[in-house]
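Below is one structure, written out as structure tokens, with a few remarks after it.
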Amino acid sequence: MLAFTMRRLLATVPVMAIVAIIVFSLLYLTPGDPAAVLAGEQATAADIERLRIALGLDQPFLTRFGQWIGGVVQGDLGTSVFSRRPVMDLIIQRLEPTIALTVASLLIAVAIALPLGIIAAWRSGGIVDRVAMSFAVLGFSVPVFVLSYLLIMLFSVELKILPVQGYVPIAYGIGPFLSHLILPALSLGIVNAALIARITRAAMLEVLNQDYIRVARAKGLSVRKVLLKHALKNAAVPIVTVIGISFALLISGVVVTETVFNIPGLGRLTVDAILRRDYPVIQGVILVFSATYVVVNLLVDLSYGLFDPRIKY
Amino acid sequence: MTAANTVSNVVPQRSAFHIWRRHPNLTVGTAMLLIAIFAAIAAPWLGTIDPQLIAPFNRLQTPDSQFWFGGDLIGRDVYSRTIYGARVSLAVGLGVAICGISLGLVVGLLSGFVSWVDSVLMRVMDGLMAIPSILLAVALISLTGASLKNVIIAISIAEVPRVARLVRSVVLSLKERPYVEAAITSGTPFVSILLRHILPNTLAPLLVQGTYIFASAVLIEAILSFIGAGTPPTTPSWGNIIAEGRSVFSIAPHIVLFPGIALSFTVLGVNLLGDGLRDAYDPRFVSRA
């Protein structure tokens, strides 16, 4: 297990290296002059030149890449061309809301998707199955921001029981923190639940057809025990895998949801950086998000052994 | 058309009704997509006015018999903008499906056939896959400038790894099949093997994948426009209209609502079409459904 963990950990290094190379090379690979595009239409030649130096575009590719990657491994993601502050500081400041939103959405998604997928598989072909799967298709066809606005309209504008937008840090009290978090987390959670529910259903169907399930029922175990203990545990590997994959969906969702609900997190930082053409910040956010995605999927891989002792490393 | 079940014709001919009964997803999805395509093509004749026409008196106008979807922040007709917006979404969906699949096909075929290229290309694909597609598109567009062409290219690049992996896995499994091995040993030219044995077998999975790419491209375009990194504001697109209506959402929800419904309708249609196609070509799923 330890050897496998180390091997798997080492395998993430080339992936992250390639992510870094891709993100960095975009500046050089894109056609045209990125300094001119980033500087905007009103920029003077001097502005463009200043930006070119700030981005290091005046230096040869390899020199600049060496400097940049040397900084990145030490936690230096460069300096924002807009606020002139270290990108790492900007990211750390915005971390809390994004982590809160991501964790809450993931919890909601799993809490909706698992029961739905399990019941749909158990009663496959029945009315519950049809309704659940229609919900699932609908869930990943409705864009996060449309769902967000529908929820705002219902809970904030009509019923007036939840705030329209904003974020309250957890340090300012758990009540206001949760009341501001629930709508964004719900919209993001529902969209992710759709994907997870579909895979849960498929994985459970596969397992429920096995002989040992019939044996378990025949020897008199309750439906609940058979479904949760015998079936779910054996269907866990694909379910955990899709939860890991859905994390990518969650990251894109965060960017949108934070915009809709005006949450000062990493997503909002990205959107502001786009509007201000602040490429170092965009670069830094992409690296952080991609690294998180890689780590989450590493944890998913490592978790397989917990659910299925037959998987030996 | 009746089901002709003669001895010589073992497979009964399917009537339209039969197809609908067996593949409701396929039928409903196709119908929904056709409606969206019709709206995009026939936009000027569907009772629309100039989607850019500013009429200050119609600012935040609520929907009525004259302005079916109401007016936006500066008095433009939301109905006309929504109908014209279908053009951008469908163009991006189709453009990305075509570019993404073509690029992915080339990468996948190279990986499947040339083993030294394989390890390099697949590592690059792993890296690309680790970057969330929206952020990759955001980075590309911020460097090249927002235009319809750049949006299509940026989303296509983000979709390439998935197609490449799919094609590669088909090629690798086909290479082991006796009939392909026989073709290789008997000296069949590579191009013939490719055209006769490999490409026809990638067609069905790529068609299914293509619909999912289409759906995800439409969504990503809307998100990009919504966060200000997509279609330029001068062109009405569903994401743009929603972004413009954002600030006045609580007093004029119709600006967000109607393009939102159009967007969900189109993506739902394409997703149903994809599910239907998958069921139709992969009988494993039909028996389960």
Side-chain angles (χ1 to χ4, degrees), chain A residues 14-23 26-27 29-32 34 37-38 124-125 133 137-138 140-147 149-150 152-153 156-157 164 202 205-206 248-249 251-253 255-256 259-260 267 270-271 273-275 277-279 282-283 285-286 289-291 293-294 297, chain B residues 25 29 123-146 150 157 215-216 218-220 222-224 226-229 238-239 242-243 245-246 249-251 253 256-257 259-261 263-272 274-275 285 288-289:
Chain A
V15 175
M16 278 319 297
I18 287 165
V19 170
I21 294 172
I22 293 172
V23 173
L26 287 182
L27 260 177
L29 289 180
T30 43
V37 176
L38 290 170
S124 98
M133 287 307 109
V137 180
L138 201 64
F140 59 73
S141 300
V142 177
V144 174
F145 51 92
V146 174
L147 188 61
Y149 283 120
L150 289 177
I152 295 178
M153 203 147 78
S156 311
V157 180
V164 176
L205 272 182
E206 192 111 352
L249 208 65
I251 292 173
S252 342
V255 177
V256 179
T259 310
V260 174
T270 316
V271 176
I274 297 167
L275 300 176
R277 301 160 183 273
D278 197 343
Y279 194 72
I282 297 177
Q283 219 172 27
V285 173
I286 292 180
F289 272 136
S290 305
Y293 181 60
V294 169
N297 281 291
Chain B
N25 284 347
R123 291 298 80 74
V124 175
M125 292 298 123
D126 285 347
L128 270 181
M129 285 256 258
I131 306 175
S133 359
I134 302 251
L135 293 179
L136 186 61
V138 159
L140 280 166
I141 291 166
S142 64
L143 288 175
T144 51
N150 289 344
I157 290 176
S216 108
V218 171
L219 274 182
I220 295 179
I223 291 176
L224 289 175
F226 178 72
I227 61 179
W238 293 331
I242 295 174
R246 208 168 82 206
F249 174 72
S250 48
I251 48 169
V256 167
L257 214 56
I261 292 171
L263 180 57
S264 311
F265 178 87
T266 308
V267 177
L268 180 62
V270 180
N271 274 332
L272 285 177
D275 282 1
F285 284 97
R288 279 195 209 156

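Quick caveat, the model's predicted, so the values are computed rather than measured. Below, chain A is the first sequence line, B the second, and so on; all start at residue 1.
With a threshold of 4.5 angstrom between heavy atoms, Leu268(B) approaches chain A through its backbone and through its side chain. If you measure heavy-atom distances from Val157(A) to chain B, the contacts under 4.5 Å come from the side chain alone. The contact between Ser252(A) and chain B is made by backbone and side chain atoms together, counting heavy-atom distances below 4.5 Å. Contacts between Pro143(A) and chain B at a heavy-atom distance below 4.5 Å involve backbone atoms as well as side-chain atoms. With a 4.5 Å cut-off on non-hydrogen atoms, Leu26(A) touches chain B through its backbone and its side chain both. The parts of Ala229(B) that come within reach of chain A are both its backbone and its side chain, each placing non-hydrogen atoms under 4.5 angstrom from that chain.
A pairwise comparison of heavy atoms in Val138(B) and Ile282(A) identifies CG1-CG2, 4.2 Å as the closest pair. Contact detail for Ala130(B) and Val15(A): the closest heavy-atom pair is CB-CG1, 4.1 Å. Considering all non-hydrogen atoms of both residues, Asn271(B) and Ser141(A) come closest at ND2-OG, 3.0 Å. Nearest heavy-atom pair across Val124(B) and Ile18(A) is CA-CG2, 4.0 Å. Contact between Pro132(B) and Ala248(A) at its shortest, heavy atoms only, is CB-O, 4.5 Å. Minimum heavy-atom separation, Ser264(B) to Val146(A): OG-CG1, 4.2 Å.
In this structure, the separation between CE on Met133(A) and CG on Asn25(B) is 12.5 Å, given to the nearest 0.5 Å. The structure places CG of Leu143(B) at 10.5 Å from CZ of Arg277(A), a figure rounded to the nearest 0.5 Å. The OG1 atom of Thr270(A) lies 11.0 Å from the CD1 atom of Ile134(B); values are rounded to the nearest 0.5 Å. Here the straight-line distance linking atom OG1 of Thr259(A) with atom CD1 of Ile223(B) works out to 10.0 Å at 0.5 Å rounding. With values rounded to the nearest 0.5 angstrom, Arg123(B) atom CZ is found 13.0 Å from Ile21(A) atom CD1.
Highest contact tally toward chain A, considering only Asp126(B), Thr144(B), Val270(B), is held by Thr144(B) [criterion: heavy-atom pairs under 4.5 Å]. Highest contact tally toward chain A, considering only Leu263(B), Leu136(B), Ile141(B), is held by Leu263(B) [criterion: heavy-atom pairs under 4.5 Å].
The side-chain heavy atoms of Val137(A) and Leu272(B), taken from C-beta on, include a pair separated by under 4.5 Å. You'll find the side chain of Phe145(A) stays beyond 4.5 Å of the side chain of Val256(B), heavy atoms only. With contacts defined as side-chain heavy-atom distances shorter than 4.5 Å, the pair Leu257(B)/Tyr149(A) does not qualify.
Residue Ile131(B) forms a side chain to side chain contact (heavy atoms under 4.5 Å, CB included) with just one option from Ile22(A), Val294(A), Ile251(A), and that option is Ile22(A).
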